[in-house]
Trainee: 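Please read through the structure below; I'll follow up with questions.
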Amino acid sequence: MRLNGRFGRFGGCYVPEILVPALEQLEAAFLDAQQDPAFAAELNGLLADYAGRPTPLTRCRNLPGNIYLKREDLLHGGAHKTNQVLGQGLLAKRMGKARLIAETGAGQHGVATAIVGALLGFETVVYMGAEDVARQQLNVFRMQLMGATVVPVESGGRTLKDAINEALRDWSASFETTHYLLGTAAGPHPFPTMVREFQRVIGREARAQIVEQLGRLPDVAIACVGGGSNAIGLFADFIPDPVRLIGVEPAGKGLSGAEHGATLLRGTRGILHGAETYVLQDDEGQIADTWSVSAGLDYPAVGPEHAHLKESGRAEYVGCTDAEALAAFKALAESEGILCAFESAHALAHALKLAEAEPDSAILVGLSGRGDKDVDQARRLLA
Amino acid sequence: MSRYSAMFDRLDGAGAFGAFLMLGDADLQTSARLLDSVVEGGADMIEVGIPFSDPVADGPVIQAAAQRALAAGVRVGDCFDLIAAFRGRHPDVPVGILTYANIVVARTGFMRDAAEAGADSLLIADVPALEADPFVRDMEQAGIEPVLIAAANTPEPTLRHIATLSKAYTYCVSRAGITGTHAGGQFDAALVDRLRAAGAPPPVFGFGISAPEHVRAALSAGARGVICGSAIVDLAQRGGDVARFVRSLKAATGNESAPQ
């Protein structure tokens, strides 16, 4: 490896030996592409003309305080995921791979991978926990419409972490022809670094837009954290600035119980899916089952850079319950006419709390995705 | 002399037969009985899994075994107790632990407890040579011999690093994939030669062994031994005669003398 793949003590490359050459090849392709103006030109072209960048920065008209929304919900595919699947898809082409595999929880990353598979001409296989397949039939069909094969995973708790396990197993046998298009800023090196770089565009645009609209930097930037890709993408360009960075974890049914996915708030150090990071686990290192109303945040580990930002104190992490997220989802719909994803509603919920406490602060919120996928669930929960 | 070195000496050039079982599968009592059965069948060394909830290097058979053990409430301490009891009954049979990094780091003194239970070696499936140094230091302090995996696609500098770190034997994987999903019988003689040139400890093939002809093929590729995992675990789960199965594979190593 050319980089050390560590964020403080977190990160690393904890995978079976057989996968190390595949990760070394990926790191080399990524670093070479970073130096290649032709790669940047092709990626930026796709981001602009295919995916719809730059996305707007919207100042809320009717919600209290000064809340600015970075509108990744308006990106093609309906979420920030598209930024980095385009980047990884182009890398897979550079490496001469013919097949993409991916994991998905609620289906957003699976849909994004199916999009890039169709666009760039890959055979695409998406691993999805059997529980999630049953709960997210529409996204399964979306992936199939774009030519992807969805494989239900029956092992373990049959959700996102099991889908990642199965994708890693596939990759152990297929890496010569296949790129594993991991969906978040977690996993073994180089994924956390690579995904951050492909998502950095969120914060870079937002920073320029808010400086233009407001004449200064925001006081706070807030994003939800599952694996942590949209949060690290929003935070990355603000890290050197005097801007408070707040990651919002899914507190599910409450942090006092076990039904949440608040890895940084309630987890302990461990090693899962290739990285040393915070993990929700029992006292013997067995991985816990997690819960969130938002499937995209329902993950027992977290990107290792967030673990480092927490330990170094550069970012703070808070929780938001299912009920608080749902209330924010409803408030945004009623006040601003925007249906956001349940994931993004976690970030907004914390922004609303802050806006009450400090009405003069300029609060930048990463609105990571749109809420169409959640409308059915919202109808049941708000009934 | 370590139990592994003594075993390889005793075998005098014949192949070592290693049997893998998941500790606590399907429960503690069954697990203890199965450990005895594989030795009765002629296993020269045993490899034991400590179950982990998310075993990414394992195929369906070993995943299911880990889940059965965890569902039975088996804890890491129970696994060490099984090893200690086995050690009492079989003082000379080398015992290697196979598990995952999160199980090791979650328990303060994992290496020491493993050594005290009588285990000889430790292979951590998701710790490649790149991340192995601190783990290997802890193992050596505790008197546990590190085992690392070498694969056909492992580049030369990594192979030399593996040769330096591995002590008991080198776990060889000739083809890509996970446990229990290989068509048997294809073993990479070039990997064995490269390991020998790098001065690695005895190469043992670990994936794709489920029939006597696989044992012969692995040994004729130059391996000093084989480890059979999924086939034994699967047979045990279906209630088959594990000792008899092990005997049939051991017969293909060209040596019948195993310590009891």
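Order of the sequence lines fixes the chain letters, A, B, ..., with proteins taken first and strands second; residue numbering starts at 1 for each chain. This is a predicted model, so every value here is computed, not measured.
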Trainee: Kindly compute the distance separating OG (A/Ser155) from CG (B/Asp58), expressed to the nearest 0.5 Å.
Mentor: 11.5 Å
Trainee: Measure distances from B/Ile162 to the heavy atoms of chain A and classify the residue's part below 4.5 Å as side chain, backbone, both or neither.
Mentor: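 For B/Ile162, the contact with chain A is made by the side chain alone.
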Trainee: With a 4.5 angstrom heavy-atom cut-off, could you sort out which part of A/Glu154 is near chain B: side chain, backbone, both or neither?
Mentor: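 A/Glu154 has no heavy atom closer than 4.5 Å to chain B.
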Trainee: Would you compute the distance between atom CG of A/Asn165 and atom OG of B/Ser53 and round it to the nearest 0.5 angstrom?
Mentor: 8.0 Å
Trainee: How far apart are the C-alpha atoms of A/Val15 and B/Asp126, what are their side-chain angles, what is the distance that settles it, and do they pass the side chain to side chain contact (heavy atoms under 4.5 Å, CB included) test?
Mentor: CA-CA 4 Å; A/Val15 294; B/Asp126 54 349; 5.8 Å; no
Trainee: Pick one: which of A/Glu284, A/Gln281, A/Gln286 meets side chain to side chain contact (heavy atoms under 4.5 Å, CB included) with B/Ile103?
Mentor: A/Gln286
Trainee: With side chains defined as the heavy atoms from C-beta onward, is the minimum distance between A/Tyr14 and B/Ile124 less than 4.5 Å?
Mentor: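 Sidechains of B/Ile124 and A/Tyr14: no contact.
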Trainee: Which members of residues 178-192 of chain A, sorted by number, sit under 4.5 angstrom from chain B on a heavy-atom basis?
Mentor: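 The stretch does not come within 4.5 Å of chain B.
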Trainee: Check step by step if salt bridge (charged side-chain N to carboxylate O under 4.0 Å, His left out) holds for A/Asp283 and B/Arg75.
Mentor: CA-CA 10 Å; A/Asp283 62 335; B/Arg75 294 180 55 89; 3.0 Å; yes
Trainee: Taking all heavy atoms of B/Asn102 and all of A/Gly270, pick out the closest pair and write down the distance.
Mentor: OD1-CA, 3.2 Å
Trainee: For side chain to side chain contact (heavy atoms under 4.5 Å, CB included), just list the numbers for A/Leu272 and B/Phe52, CA-CA rounded to whole Å, side-chain angles, deciding distance to a tenth of an Å, and then say yes or no.
Mentor: CA-CA 11 Å; A/Leu272 182 66; B/Phe52 177 47; 4.3 Å; yes
Trainee: Can you tell which part of B/Ala129 gets under 4.5 Å to a heavy atom of chain A, answering side chain, backbone, both or neither?
Mentor: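 Contact with chain A involves both backbone and side-chain atoms of B/Ala129.
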Trainee: Give, for atom CD1 of A/Ile271 and atom OH of B/Tyr100, the distance between the pair rounded to the nearest 0.5 Å.
Mentor: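 The distance works out to 13.5 Å.
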Trainee: Has A/Glu176 got more than 12 heavy atoms of other residues, nucleotides or ligands less than 6.0 Å from its CD?
Mentor: no
Trainee: Who passes ring pair (Phe, Tyr, Trp, His ring centres under 6.0 Å) against A/His109, sequence neighbours left out?
Mentor: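 If we apply the ring pair (Phe, Tyr, Trp, His ring centres under 6.0 Å) test to A/His109, skipping adjacent residues, there are no hits.
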Trainee: Between A/Pro16 and B/Pro128, is there a side-chain heavy-atom distance shorter than 4.5 Å?
Mentor: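 A side-chain contact under 4.5 Å is absent here.
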Trainee: Just how far is it from atom CD of A/Glu24 to atom CG of B/Asn153, taken to the nearest 0.5 Å?
Mentor: 10.0 Å
Trainee: Side chain, backbone, both or neither: which part of B/Val105 has an atom under 4.5 Å from a heavy atom of chain A?
Mentor: side chain
Trainee: Mind checking the CD-OG1 spacing from A/Glu17 to B/Thr154? Nearest 0.5 Å is all I need.
Mentor: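 Going from the CD atom of A/Glu17 to the OG1 atom of B/Thr154 covers 5.0 Å.
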Trainee: So do A/Arg169 and B/Pro55 actually touch side chain to side chain, heavy atoms under 4.5 Å?
Mentor: yes
Trainee: Check whether B/Phe207 gets within reach of chain A through its side chain, its backbone, both or neither, counting any heavy atom under 4.5 Å.
Mentor: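 No part of B/Phe207 comes within 4.5 Å of chain A.
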Trainee: May I ask you to test the A/Leu168-B/Val56 pair for a side-chain heavy-atom distance under 4.5 Å?
Mentor: yes
Trainee: Write down the atom of B/Gly177, the atom of A/Ile18, and the distance for their closest heavy-atom approach.
Mentor: N-CD1, 4.3 Å
Trainee: With a 4.5 angstrom heavy-atom cut-off, which part of B/Pro51 approaches chain A: side chain, backbone, both or neither?
Mentor: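 Only the backbone of B/Pro51 comes within 4.5 Å of chain A.
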Trainee: Heavy-atom distance under 4.5 Å to chain A: side chain of B/Val76, backbone, both or neither?
Mentor: both
Trainee: Report, as yes or no, whether the 6.0 Å neighbourhood of atom CD on B/Glu156 holds more than 12 heavy atoms from other residues, nucleotides or ligands.
Mentor: yes
